[in-house]
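Just dropping this structure here.
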2 protein chains.
Amino acid sequence: MAQSAVEKRPGARKSSDERRDEIVRATLRLVAAKGFAGVTLREVATEVGVVHGLIRHYFASRDELVAAAFDFAVTSELATDQQQLDGLDPIAALAGWLAATNENHYHVWIDAWSEAPRTPALAAALARHHDDCERILTRVIERVVDAGLGASADPAADSRLLTAVADGVAVQHHVVGAIDVDEANDMVFGVAERQLGLEPGILARANPVPARGQWAEAPAR
Amino acid sequence: MAQSAVEKRPGARKSSDERRDEIVRATLRLVAAKGFAGVTLREVATEVGVVHGLIRHYFASRDELVAAAFDFAVTSELATDQQQLDGLDPIAALAGWLAATNENHYHVWIDAWSEAPRTPALAAALARHHDDCERILTRVIERVVDAGLGASADPAADSRLLTAVADGVAVQHHVVGAIDVDEANDMVFGVAERQLGLEPGILARANPVPARGQWAEAPAR
DNA sequence: TAGCTTGTTATCCACTTGGACAACAACCGG
DNA sequence: CCGGTTGTTGTCCAAGTGGATAACAAGCTA
């Protein structure tokens with residue numbers, strides 16, 4: 001009669017919020033692996049360990065589920081990131097923000113780019129997130145300038161530029177496999193140092209821990 | 001009895017090569033609109049104006065069709081580009097290569113990035129294409145250096161860097177909509193000029209015509 | 001013109017998908 | 001302990017998918 005600590009008896013219930021969160025996280029995991037268009041209600045259900053009808057109980061439609069998953073990714077990313085950066089000196093913050101992130105993280109983003117033109121809700125969320133990221137990076141650049149460590153004629157424009165470089169480098173690293181993680185960081189750091197007039201090599205020496213994408217567990221290996 | 005110039009009578013046949021090409025181009029058009037995973041044999045058939053069984057007559061499977069479509073995009077892109085660049089002076093060639101391309105072109109590429117991790121054949125084609133692009137741009141950079149107009153310690157590395165910048169900027173322009181086409185070009189040209197020690201503004205003044213993506217018709221508007 | 005090749009059509013099939021729904025069972029307030 | 005709320009299941013459905021196949025018809029060659 002002794003049942004295992006992890007109860008499996010039929011009918012065992014979880015609180016609404018708990019289950020919702022579980023479903024969203026599972027969805028996001030599958031999105032990273034199969035893309036927004038590739039996730040299936042049944043796959044999500046299997047991943048969570050429930051019947052696919054239950055997903056419908058929490059989300060009125062597949063679209064709503066996917067939107068919730070992306071929203072979760074965006075929100076939780078910015079929440080942790082902002083907090084993390086505030087505790088660092090400007091150079092470490094800049095290096096952390098620009099450092100290459102893990103694979104799952106970027107797979108979700110690249111998939112979002114690919115899906116956005118067909119999914120207005122996703123495009124809107126993406127644009128919002130992009131603005132938030134630009135704001136955060138702009139603030140970091142301003143801190144660097146204020147500390148007298150570098151210069152920027154237009155911090156917001158430099159923020160957009162560095163974001164573009166980081167994204168493009170991430171594609172070459174994660175998707176094409178043309179460069180490894182060290183080269184990726186070198187490229188981004190190099191542009192940032194030249195653009196902001198920083199001492200060459202200062203960003204790499206900051207020995208950065210990636211500040212973005214903490215919600216995505218490291219890839220399976 | 002007079003039939004229109006464009007024959008529509010049942011059973012009218014096209015040559016094998018002609019039809020194949022027609023199908024591949026239609027597929028590519030749909031890929032730009034719906035992504036690699038989103039194209040359906042029936043949609044392709046409708047776009048071409050035939051029955052979906054006919055697609056199977058030319059391509060053994062959906063995967064084979066999609067692979068052929070991507071292969072066509074890659075091949076025809078490089079064929080026209082290489083030719084076009086050889087006729088230009090180094091600065092114009094560099095500017096043309098880096099200039100923002102049309103939307104359809106980049107949608108296909110972004111979709112390929114998103115699909116590559118799940119589709120080995122696509123990943124391989126993408127990597128090959130990336131190498132070819134790197135080689136072409138490297139050669140252009142070398143021509144710039146040889147002409148005494150700029151400097152590069154490592155033309156191949158600079159080629160990878162500029163490719164990354166162009167890709168990242170394209171995402172911000174086409175997907176996020178955060179910048180317009182002029183800003184996009186300014187950002188890429190600016191990095192290129194600084195990286196290669198060119199006279200500032202020389203690339204924009206080259207009044208470049210985009211050298212890439214000629215296979216994709218301009219977006220519908 | 002006869003006959004073969006092959007481009008083309010029209011159906012059929014097994015399967016998966018998102019969604020709907022009724023029955024069940026755990027929890028909670030009375 | 002009772003009754004309603006709600007998390008959960010199992011099952012059904014229509015629509016759409018990729019693929020298979022047989023019949024048809026256009027064009028070529030003999």
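Throughout, protein chains are lettered first and strands after them, A, B, ... in sequence-line order, and every chain is numbered starting at 1.
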Could you identify which residues of residues 44-57 of chain B place a heavy atom less than 4.0 Å from some atom of DNA chain C, listed by residue number, or say none?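 Here the set is B:Val50, B:Val51, B:His52, B:Gly53, B:Leu54, B:His57.
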
Atom pair distance, as rounded to whole Å: CZ in B:Arg20 and C1' in C:dT6: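 Interatomic distance, CZ of B:Arg20 to C1' of C:dT6: 15 Å.
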
Looking at side-chain heavy atoms only, is the closest gap between B:Tyr58 and B:Glu22 below 4.5 Å? no

Would you say the side chain of A:Leu161 lies within less than 4.5 Å of the side chain of A:Gln195, judging by non-hydrogen atoms?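 Answer yes - side chains close enough.
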
Does one side chain, of B:Glu43 or B:His52, offer a donor that lies under 3.5 Å from an acceptor on the other?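 Absent: no donor and acceptor within the cut-off.
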
Once you round it to whole Å, what is the distance between P of C:dT6 and CG of B:Asp17?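 Result: 13 Å.
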
Within this structure, what is the CG-to-C1' distance between B:Leu65 and D:dG19, rounded to whole angstrom? 14 Å

Short side-chain N/O contact to C:dT8 OP1/OP2 from B:Tyr58, under 4.0 Å: yes

Interatomic distance, B:Glu64 CD vs D:dG18 P [rounded to whole Å]: 15 Å

Rounded to whole Å, please give me the gap between CZ in B:Arg62 and P in D:dG16. 17 Å

Output, in order, the C-alpha distance, side-chain angles, deciding distance and verdict of side-chain contact (heavy atoms from CB on, under 4.5 Å) for B:Arg19 and B:Val50. CA-CA 10 Å; B:Arg19 186 64 98 187; B:Val50 295; 3.7 Å; yes

Beyond-backbone contact of B:Phe189 with B:Leu98, side-chain heavy atoms, under 4.5 angstrom: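 Sidechains of B:Leu98 and B:Phe189: in contact.
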
Cation-pi, A:Phe59 ring and A:Arg20 (6.0 angstrom, 45 degrees): yes

Aromatic ring centroids of A:His130 and A:Trp113 under 6.0 Å?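 For A:His130 and A:Trp113, the ring centres are not under 6.0 Å apart.
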
Contact check, side chains of B:Leu137 and B:Thr163, non-hydrogen atoms, under 4.5 Å: yes

When you measure from every atom of DNA chain C, which of residues 34-42 of chain A have a heavy atom less than 4.0 Å away?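 Under 4.0 Å from DNA chain C: A:Val39, A:Thr40, A:Leu41, A:Arg42.
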
